[in-house]
Amino acid sequence: MPSSSLVWLRRDLRLFDHAALHHALVDASGNGAQVVCVFIFDTTILDSLSRSDRRVAFIHASLLQLKSELNALGSDLIVRHGDPCVLIPQLADAFDADAVYTNRDTEPAALTRDERVADRLSDAGRVLHLFKDQVIFERDEILTQSATMYQVFTPYKRAWLAQVTDAHLSSWPVRPYIDHFKKLHPEQMPRMQDIGFEDTDITQLQPGMDGGEALFNDFCTRIHNYQTARDFPAVKGVSYLSVHLRFGTVSVRELARTARQMGGVGAETWLSELIWREFYQQLLWHRPELVTHTFKPEYDALPFPNDKDYFAAWCEGRTGFPIVDAAMRQLNQTGFMHNRLRMIAASFLVKDLLVDWRWGEQYFAEKLNDFDLASNNGGWQWAASTGCDAQPYFRIFNPTTQSQRFDPEGKFIRRYCPELASLSNKQIHTPDVTMVNYPEPIVDHAVQRAAALQLFKRD
């Protein structure tokens, strides 16, 4: 009987341009092996989540599409629920697999998990093969001339663009090797209820490979406007691909390659955003302590007042600052928040409400469909002025002027704060609460700005 190998899918839920899958199939074609695709609903992650978590629903829907495509090829996707450190070695044993192929994840907890899996496989005479897939450059592939990590984005981007070649952006093909998927009778995939979660409507997210492709094709028709449209939350200006990048239902190589080939200010600006994503990932790999600590040590223990009532008002979208409240309500209702609003909401929590950035980072981690540890941590530390390449602590967003600038007609605010819909375009940014059922501003921005400056100036 031909030997088998496993491909362990994680944040790479697609059957095209897939590094681990490509290498497994190519190796199988050379030695007569057969490839089995597996996915583990990881209880070490899932047990702490809300039972209606949209991300789990997105993964589940994307897996159903993967399973259907593998079934059409006469194979199947093997889905289990539990601890991968136990289940992956068990599956390798069940399928008599000599090797497990998977794509690297550089988050600290993932590195620890993969070391444990590799050790257990090794004890059984098996090997774990790891590949780069979710980024163009990872870990320490881009370093300064003194062989140190980049701490400022612009020179990192410059080095990234100087180093990238067509080879870096070329695909890892799967289609030519599909005969090497192991023939399997389809088994029933666990339902959401079987893994302890509720069915959740995620139609608006367009899950799976088909959803990612549709969104990307749509964005390509608008990408030339990206630079000018991306900052306005009431405008369809962004790609909406972040959740697909997070779970790998699109290929980052295809996205970067397309942007590079299209050129123009819009595509170049979007490519910069993809590079920001990699900047934050290399930062976390070099400095894993950033999960709980500031990049700048002098800001690690700032004496934030951390008023719990302020924090609750921020979380629930009732601060009395319409752009902040609309942003938080969008997050709570949809799991999405526009990037400009992420900056405004984060700055407001830290610099106006004087709440530790880690509280906000954790709330975003619980709510964001596209939550990615490196990007979320990097973005929060940027807004809080505690990270590398962060905005200076004395540069503090005024939520009212941000609102007037980026939602001038109040269209976005009206969508998520309907109690303000009757106000004029001018009034909606600073509503008279005697006219509408809306809270008074929770703080005075000028007073809090001064307090924030004093807080950060402490020796």
_Between CD on residue Glu316 and CE on residue Met328, distance to nearest 0.5 Å_ = 9.5 Å

*Can you measure from CD (Gln281) to CH2 (Trp276) and round to the nearest 0.5 angstrom?*
14.0 Å

*asked:* Out of the candidates Ile178, Asp27, Leu25, only one should pair with Val35 under the side-chain contact (heavy atoms from CB on, under 4.5 Å) rule; please name it.
replied: Leu25

_Between Ser4 and Gln34, a side-chain donor and acceptor under 3.5 Å_ = no

*Between Ser239 and Glu273, is any pair of side-chain heavy atoms under 4.5 Å apart?*
no

*Test Gln391 against Trp382 for side-chain hydrogen bond (donor to acceptor under 3.5 Å, both in side chains), laying out the working first.*
CA-CA 6 Å; Gln391 69 170 351; Trp382 180 90; 6.0 Å; no

*May I ask you to decide whether Asp194 forms a salt bridge with Arg191, counting only side-chain N to carboxylate O separations under 4.0 Å?*
yes

*Which class fits the ring pair Trp172 and His23: parallel under 30°, tilted 30 to 60°, perpendicular over 60°?*
tilted

*asked:* Is the ring pair His129/Phe131 parallel, tilted or perpendicular, if the boundaries are 30 and 60 degrees?
replied: tilted

_For Thr144 against Tyr150, the heavy-atom pair lying closest together_ = N-CE1, 3.6 Å

*Minimal non-hydrogen separation, Ile142 against Gln163, with atom names*: CG1-OE1, 3.8 Å

*Hey, are Glu268 and Arg260 close enough for a salt bridge, meaning a charged N less than 4.0 Å from a carboxylate O?*
no

*Using the side-chain contact (heavy atoms from CB on, under 4.5 Å) rule, pick out the option among Gln206, His244, Arg246 that qualifies with Phe58.*
His244

*Report the residue from Tyr363, Phe295, Phe364, Trp357 that forms a ring-ring contact (aromatic ring centres under 6.0 Å, His included) with Trp380.*
Phe364

*Using a 4.5 Å cut-off on heavy atoms from C-beta on, say whether the side chain of Asp114 contacts that of Leu130.*
yes

*Verify the distance criterion only: is there a donor paired with an acceptor across the side chains of Glu361 and Asn377 at less than 3.5 Å?*
yes

*Consider only side-chain N and O atoms of Ser385 and Lys296, and report whether a donor and an acceptor are under 3.5 Å apart.*
no

_salt bridge (Lys or Arg N to Asp or Glu O under 4.0 Å) between Arg54 and Asp370, intermediate numbers included_ = CA-CA 10 Å; Arg54 297 180 189 88; Asp370 63 5; over 6 Å; no

*What heavy-atom pair brings Leu283 and Leu290 nearest, and what distance separates the two atoms?*
CG-CD1, 3.8 Å

*Check step by step if ring-ring contact (aromatic ring centres under 6.0 Å, His included) holds for Trp359 and Phe304.*
CA-CA 11 Å; Trp359 292 32; Phe304 288 104; 9.4 Å; no

_Is there a side-chain contact between Ser50 and Glu366 in this structure, where contact means two heavy atoms from C-beta onward sitting under 4.5 Å apart?_
no

_Donor + acceptor pair across side chains of Lys157, Ser272 (<3.5 Å)_ = yes

*asked:* Is the distance between the ring centroids of Tyr101 and Trp8 under 6.0 Å?
replied: no

*asked:* Test side chain to side chain contact (heavy atoms under 4.5 Å, CB included) on Val79 and Leu77; report intermediate values, then the result.
replied: CA-CA 6 Å; Val79 179; Leu77 175 66; 3.8 Å; yes

*Pick from Arg104, Arg11, Arg253, Arg10: which one makes a salt bridge (Lys or Arg N to Asp or Glu O under 4.0 Å) with Asp133?*
Arg253

*Going by heavy atoms in the side chains, are Gln65 and Asp210 under 4.5 Å from each other?*
yes

*Checking Arg340 against Phe406: charged group under 6.0 Å from the ring centre and within 45 degrees of the axis?*
yes

*Exercise: identify the closest heavy-atom pair between Arg51 and Gly196*: CD-O, 2.9 Å

*Examine the side chains of Glu138 and Trp285 and answer whether a donor and an acceptor come within less than 3.5 Å of each other.*
no

*When rounded to the nearest 0.5 angstrom, what is the spacing between OG1 in Thr249 and CZ in Phe216?*
12.5 Å

*How many angstroms lie between atom CD1 of Ile59 and atom CG of Leu66, to the nearest 0.5 angstrom?*
11.5 Å

*asked:* If you define the side chain from C-beta out and look only at heavy atoms, does anything of Lys351 sit under 4.5 Å from Phe397?
replied: no

*Is the closest side-chain donor-acceptor distance between Thr292 and Arg358 under 3.5 Å?*
no

*Would you please indicate if the ring centroids of Phe321 and Phe348 are separated by under 6.0 Å?*
yes

*Might you point out which heavy atoms bring Ile78 and Val36 nearest each other, and give the distance in Å?*
CG1-CG1, 3.8 Å

*Kindly compute the distance separating OG (Ser62) from NE2 (His60), expressed to the nearest 0.5 Å.*
10.5 Å

*asked:* If I compare all heavy atoms of Ala118 with all of Leu128, which pair ends up nearest, and what's the gap?
replied: CB-CD2, 4.0 Å

_Atom pair CG (Leu205) and CD1 (Ile202), whose distance is rounded to the nearest 0.5 Å_ = 5.5 Å

*asked:* With side chain to side chain contact (heavy atoms under 4.5 Å, CB included) as the criterion, how do His338 and Arg230 come out once you've worked through the C-alpha distance, each side chain's angles and the decisive distance to 0.1 Å?
replied: CA-CA 9 Å; His338 187 278; Arg230 64 179 176 147; 5.6 Å; no

*Between Asn306 and Asp356, do the side chains contain an N or O donor and an N or O acceptor separated by less than 3.5 Å?*
no

_Run Leu63 and Leu13 through side chain to side chain contact (heavy atoms under 4.5 Å, CB included) and show every step you take._
CA-CA 7 Å; Leu63 292 176; Leu13 306 182; 4.1 Å; yes

*Does Arg329 count as lying over the ring of Tyr416, i.e. NZ or CZ under 6.0 Å from the six-ring centre, within 45 degrees of the axis?*
no

*Take Asp372 and Arg55 through the test salt bridge (Lys or Arg N to Asp or Glu O under 4.0 Å) and record every step on the way to the result.*
CA-CA 12 Å; Asp372 174 272; Arg55 294 164 293 193; over 6 Å; no

*Using distance alone, with no hydrogens and no angle criterion, decide if Asp199 and Gln193 have a side-chain donor and acceptor under 3.5 Å apart.*
yes

*asked:* Less than 4.0 angstrom from a charged side-chain N to a carboxylate O is my criterion; do Asp76 and Lys67 meet it?
replied: yes

*Given side chains that start at C-beta, do those of Val250 and Arg14 come closer than 4.5 Å, heavy atoms only?*
no

*With the side chain counted from C-beta on, respond yes when Lys367 and Met337 share a heavy-atom pair under 4.5 Å apart, and no when they do not.*
no

*Considering only heavy atoms from C-beta outward, does the side chain of Phe456 approach that of Leu302 to under 4.5 Å?*
yes

_Whether the side chain of Arg120 engages the backbone of Cys85 through a donor-acceptor N/O pair (distance < 3.5 Å, no angle test) should be reported._
yes

*Please check if any side-chain donor atom of Asp325 sits under 3.5 Å from a side-chain acceptor atom of Thr319, or the reverse.*
yes

*Show your working on ring-ring contact (aromatic ring centres under 6.0 Å, His included) between His22 and Tyr177 and close with a plain yes or no.*
CA-CA 8 Å; His22 168 87; Tyr177 309 101; 5.7 Å; yes

_Run the side chain to side chain contact (heavy atoms under 4.5 Å, CB included) test on Leu354 and Gln448 for me, step by step, so that the C-alpha distance in whole Å, both residues' side-chain angles and the decisive distance to 0.1 Å come before the verdict._
CA-CA 8 Å; Leu354 304 183; Gln448 296 301 102; 3.9 Å; yes

